[in-house]
Amino acid sequence: MQEGRRIKVGILGATGTVGQRFITLLSVHPWFDIDTLGASSRSAGKLYSKAVNWKQTTPIPTSVRDLMVHECKPEHFMNCAVVFSGLDADAAGDIEAAFRAAELAVFSNAKNFRRDPHVPLIVPFVNASHLSIIPQQQSLHSPPLKKGFIVTNANCSTTGCVIPLAALERAFGPIESLLVTTMQAISGAGYPGVASLDIMDNVVPYIGSEEEKMEWETLKILGGITESDDGLKTFDMHSRHPLRVSASCNRVPVIDGHTECVSIRFARRPPPSPQQVREALVAFSPDAQALGCPSAPRRTIVVHEEPDRPQPRLDRYYQDGAGVSVGRVRQCQVLDIKFVVLANNVSIGAATSSIINAELAVLKGVISA
Ligand SMILES: NC(=O)C1=CN([C@@H]2O[C@H](COP(=O)(O)OP(=O)(O)OC[C@H]3O[C@@H](n4cnc5c(N)ncnc54)[C@H](OP(=O)(O)O)[C@@H]3O)[C@@H](O)[C@H]2O)C=CC1
Ligand SMILES: N[C@@H](CC(=O)OP(=O)(O)O)C(=O)O
């Protein structure tokens with residue numbers, strides 16, 4: 001990024017749970033300046049401070065308090081080189097497609113384009129290399145695009161799980177089986193989300209479509225990209241080393257932070273020991289750090305030795321919510337290794353991932369500053 005150059009950005013869904021986290025993070029970002037905000041017609045035409053039901057622990061940044069909220073139409077955002085989306089999935093599909101067609105670079109949290117064969121699904125510490133599919137996405141668009149594209153980040157539970165898995169595949173080769181059971185925070189369902197009478201004093205053993213998303217997204221993220229003789233790139237869905245995934249997803253009465261119990265079997269025999277696994281997790285240093293992404297945490301994974309960690313209340317703000325916390329690394333009597341991972345669903349599970357993805361795109365020259 002050229003010294004002194006700043007990039008104007010817009011936020012779609014700026015009033016929501018993820019949108020508020022975007023505002024908090026981007027208001028102090030060293031490269032990006034918040035220029036334009038968008039939300040539904042319920043909020044459009046109001047000052048941000050009047051439209052939003054602000055739920056962050058820090059005040060609304062002064063730089064955005066008096067910005068007007070717009071409808072999510074590209075013509076309001078043409079000052080922006082980058083648009084971050086925290087849109088409700090019911091609206092995200094058409095709106096993000098329109099923004100891409102208007103030659104805007106869209107970094108989305110919504111699920112709508114994650115399965116698109118030309119859209120990268122990127123967890124920034126895991127598969128930044130998938131940005132390489134963007135020229136194909138642009139050339140196959142009708143009409144072909146020069147600057148517009150969509151990059152998605154993953155489901156928040158998928159994100160927490162694939163980061164340690166990527167560290168372990170890098171150190172020990174392919175994982176062939178994954179069993180994961182989640183305990184997901186209420187904020188994952190947006191605001192107002194799950195009714196208090198459903199979640200207080202309770203655990204709800206079902207989150208619609210969540211298990212299917214975890215089982216599918218993990219394969220796209222951990223897989224590579226293959227290129228045919230005619231130059232067409234395809235996501236290989238971890239098919240060179242087939243990975244079987246079984247996810248069980250639960251909602252628990254925690255405000256922020258998804259906790260996941262993970263068991264894995266490696267392809268390699270004999271498998272690594274728990275101590276080797278701990279060392280590989282601690283040593284993990286993704287490209288986002290080496291390349292100098294300003295929002296990348298100094299350390300991606302902390303490994304706790306205490307037997308009762310990680311815990312959401314104690315660990316969800318590790319590295320300002322950009323890192324993940326692992327604990328209880330031990331032998332699994334059925335597969336090889338099991339552990340617990342905790343990730344902040346609103347930060348690295350959503351807004352922080354989008355922002356680091358955009359930083360990677362700038363550093364790799366996909367976005368011209
Ligand atoms: N919360 C989390 O932990 C995670 C969320 N996600 C995904 O991120 C996205 C946002 O989630 P979250 O912030 O929790 O959701 P919220 O319900 O809190 O916020 C939704 C946002 O979308 C806007 N919106 C709703 N309908 C429309 C519309 N028709 N046109 C334009 N804007 C609209 C809302 O504006 P208004 O205020 O005007 O209604 C609001 O700004 C979702 O797709 C979600 O699945 C992904 C990972 C984690
Ligand atoms: N469904 C997740 C959050 C979310 O919105 O996921 P997705 O973006 O994959 O729909 C949760 O409830 O915790």
Side-chain angles (χ1 to χ4, degrees), residues 10-24 37-46 48 50-56 68-74 76-77 83-96 98-99 106-115 121 123 152-162 182-194 198-199 204 206-218 220-221 247 249-252 254-260 312 316 321 343-354 357:
I11 305 171
L12 305 173
T15 48
T17 305
V18 174
Q20 292 181 32
R21 189 71 185 136
F22 272 131
I23 298 265
T24 307
L37 304 179
S40 78
S41 52
R42 295 178 288 277
S43 306
K46 296 180 185 164
Y48 185 69
K50 302 289 182 211
V52 72
N53 187 2
W54 188 255
K55 294 291 174 189
Q56 308 300 300
M68 183 72 78
V69 179
H70 293 275
E71 289 204 43
C72 294
K73 295 185 175 160
H76 301 303
F77 289 76
V83 174
F84 294 102
S85 169
L87 282 172
D88 188 287
D90 286 347
D94 290 345
I95 293 174
E96 292 173 1
F99 274 65
V106 179
F107 290 83
S108 173
N109 283 275
K111 65 183 177 189
N112 307 61
F113 287 96
R114 290 182 195 151
R115 285 182 178 241
L121 169 56
V123 174
T152 57
N153 44 276
N155 168 273
C156 38
S157 297
T158 309
T159 299
C161 188
V162 297
T182 69
M183 290 158 275
Q184 297 184 217
I186 311 164
S187 60
Y191 186 84
V194 189
D198 285 336
I199 198 63
V204 181
Y206 173 70
I207 302 173
S209 305
E210 196 80 351
E211 295 171 354
E212 294 80 355
K213 279 185 276 186
M214 286 194 80
E215 291 171 1
W216 193 89
E217 291 180 14
T218 300
K220 183 169 179 181
I221 295 162
C249 295
N250 306 283
R251 187 76 68 195
V252 297
V254 162
I255 294 176
D256 286 324
H258 289 359
T259 308
E260 306 178 33
R316 61 191 164 206
N344 187 314
N345 51 298
V346 187
S347 297
I348 194 59
T352 306
S353 274
S354 276
N357 284 344

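A quick note: this is a predicted structure, and the numbers were derived from the prediction, not measured. Both counts, for ligands and for their atoms, begin at 1 and track the order of listing.
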Quiz item: So which of Gly19, Ala110, Gly86 gets nearest to atom 21 (C) of ligand 1, if we judge by its closest heavy atom?
Solution: Gly86
Quiz prompt | Main-chain N/O of Met183 paired to Asn250 side chain as donor or acceptor, under 3.5 Å | solution = no
Self-check item: Residue of the set Lys213, Met214, Glu215 for which side-chain contact (heavy atoms from CB on, under 4.5 Å) holds with Glu217
Solution: Lys213
Quiz item: Between Lys220 and Arg114, is there a donor-acceptor pair closer than 3.5 Å when you use the side chain of the first and the backbone of the second?
Solution: yes
Quiz item: Looking at ligand 1, does Arg42 have a heavy atom less than 4.0 Å from it?
Solution: yes
Quiz item: Among Asn109, Thr159, Thr352, which one satisfies side chain to side chain donor-acceptor pair (under 3.5 Å) with Asn153?
Solution: Asn109
Exercise. Number the atoms of ligand 1 from 1 as they appear, then name those within less than 4.0 Å of a heavy atom of Ala89, with their elements.
Key: 43 (O)
Quiz prompt | Protein heavy atom at shortest distance from atom 43 (O) of ligand 1 | solution = Leu87 O, 2.7 Å
Self-check item: Which segment of Ser40 sits under 4.0 Å of ligand 1 when only heavy atoms are counted
Solution: both
Practice problem: Enumerate the atoms of ligand 1 whose separation from the nearest heavy atom of Ala350 is less than 4.0 angstrom. | Solution: 47 (C), 48 (C)
Quiz item: Which atoms of ligand 1 have any heavy atom of Asn345 under 4.0 Å away?
Solution: 3 (O), 48 (C)
Quiz item: Counting N and O atoms only, with roles assigned by atom type, does the side chain of Gln184 sit under 3.5 Å from a partner on the main chain of Val252, one being a donor and the other an acceptor?
Solution: no
Practice problem: Hey, could you give me the OG1/NE2 distance between Thr182 and His258, rounded to the nearest 0.5 Å? | Solution: 7.0 Å
Quiz item: Taking everything shown except Lys73 itself, do over 12 heavy atoms lie less than 6.0 Å from its NZ?
Solution: no
Self-check item: Atoms in ligand 1 with a heavy atom of Gly349 nearer than 4.0 Å
Solution: 47 (C), 48 (C)
Quiz prompt | Atoms in ligand 1 flagged as close to Ser43, the criterion being non-hydrogen separation under 4.0 Å | solution = 36 (P), 37 (O), 38 (O)
Quiz item: Quick check: does Ala91 get an N/O under 3.5 Å from an N/O on ligand 1?
Solution: no
Quiz prompt | Those atoms of ligand 1 less than 4.0 Å from some heavy atom in Gly188 | solution = 1 (N), 2 (C), 3 (O)
Pairs of nitrogen or oxygen atoms, one from ligand 2 and one from the protein, closer than 3.5 Å: please tabulate them with distances.
| from | atom 1 | to | atom 2 | distance (Å) |
| --- | --- | --- | --- | --- |
| ligand 2 | 1 (N) | Glu210 | OE1 | 2.7 |
| ligand 2 | 1 (N) | Glu210 | OE2 | 3.4 |
| ligand 2 | 6 (O) | Asn155 | ND2 | 3.3 |
| ligand 2 | 8 (O) | Arg114 | NH2 | 2.7 |
| ligand 2 | 9 (O) | Arg114 | NH1 | 2.6 |
| ligand 2 | 9 (O) | Arg114 | NH2 | 3.4 |
| ligand 2 | 9 (O) | Asn155 | ND2 | 2.9 |
| ligand 2 | 9 (O) | Lys213 | NZ | 2.9 |
| ligand 2 | 10 (O) | Lys213 | NZ | 2.6 |
| ligand 2 | 12 (O) | Gly188 | O | 3.2 |
| ligand 2 | 12 (O) | Arg251 | NH1 | 3.1 |
| ligand 2 | 12 (O) | Arg251 | NH2 | 2.5 |
| ligand 2 | 13 (O) | Gln184 | NE2 | 2.9 |
| ligand 2 | 13 (O) | Arg251 | NH1 | 3.1 |
| ligand 2 | 13 (O) | His258 | NE2 | 3.0 |

Quiz prompt | Which residue and heavy atom of the protein sit nearest atom 48 (C) of ligand 1, plus the separation | solution = Cys156 SG, 3.5 Å
Self-check item: Under 3.5 Å donor-acceptor, Arg251 side chain and Ala185 backbone
Solution: yes
Quiz prompt | Taking atom 45 (O) of ligand 1 as the reference point, the nearest protein heavy atom with its distance | solution = Asn109 O, 4.8 Å
Exercise. Could you list the atoms of ligand 1 found under 4.0 angstrom from a heavy atom of Ala39?
Key: 31 (C), 32 (N), 35 (O), 38 (O)
Quiz prompt | Considering all heavy atoms, the nearest Ser353-Ile348 contact | solution = OG-O, 2.6 Å
Quiz item: Heavy-atom distance under 4.5 Å between the side chains of Leu37 and Ile23, does that happen here?
Solution: yes
Self-check item: atom 41 (O) of ligand 1: any protein heavy atom closer than 4.0 Å
Solution: yes
Self-check item: Heavy-atom donor-acceptor pair, Ser85 side chain to Phe107 backbone, under 3.5 Å
Solution: no
Quiz item: Are the side chain of Tyr191 and the backbone N or O of Lys55 linked by a donor-acceptor pair below 3.5 Å?
Solution: no
Exercise. Starting from atom 22 (O) of ligand 1, find the nearest protein heavy-atom neighbour and note its residue, name and distance.
Key: Asp88 N, 3.3 Å
Quiz item: Nearest to atom 5 (C) of ligand 1, what protein heavy atom do you find, and at what distance?
Solution: Val18 CG2, 3.6 Å
Quiz prompt | Identity and distance of the protein heavy atom lying nearest atom 14 (O) of ligand 1 | solution = Gly190 CA, 3.1 Å
Quiz item: So which heavy atom in the protein is nearest atom 19 (O) of ligand 1, and how far is it from that ligand atom?
Solution: Gly16 CA, 3.3 Å
Quiz item: Nearest 0.5 Å, what's the CD-OG distance between Gln20 and Ser187?
Solution: 11.5 Å
Practice problem: Could you tell me whether Ser187 approaches ligand 1 through its side chain, its backbone, both or neither, with non-hydrogen atoms closer than 4.0 Å? | Solution: backbone
Quiz item: Does Ser41 offer a backbone N or O that forms a donor-acceptor pair with the side chain of Glu71 under 3.5 Å?
Solution: no
Exercise. Heavy-atom contacts with Thr15 under 4.0 Å: which atoms of ligand 1 show up? List them by number with element.
Key: 34 (C), 35 (O), 36 (P), 37 (O), 38 (O), 40 (C), 41 (O)
Self-check item: Trp54 side chain near Thr24 side chain, heavy-atom distance below 4.5 Å
Solution: yes
Quiz item: When you look at CG of Asp94, are more than 12 heavy atoms from neighbouring residues, nucleotides or ligands closer to it than 6.0 Å?
Solution: no
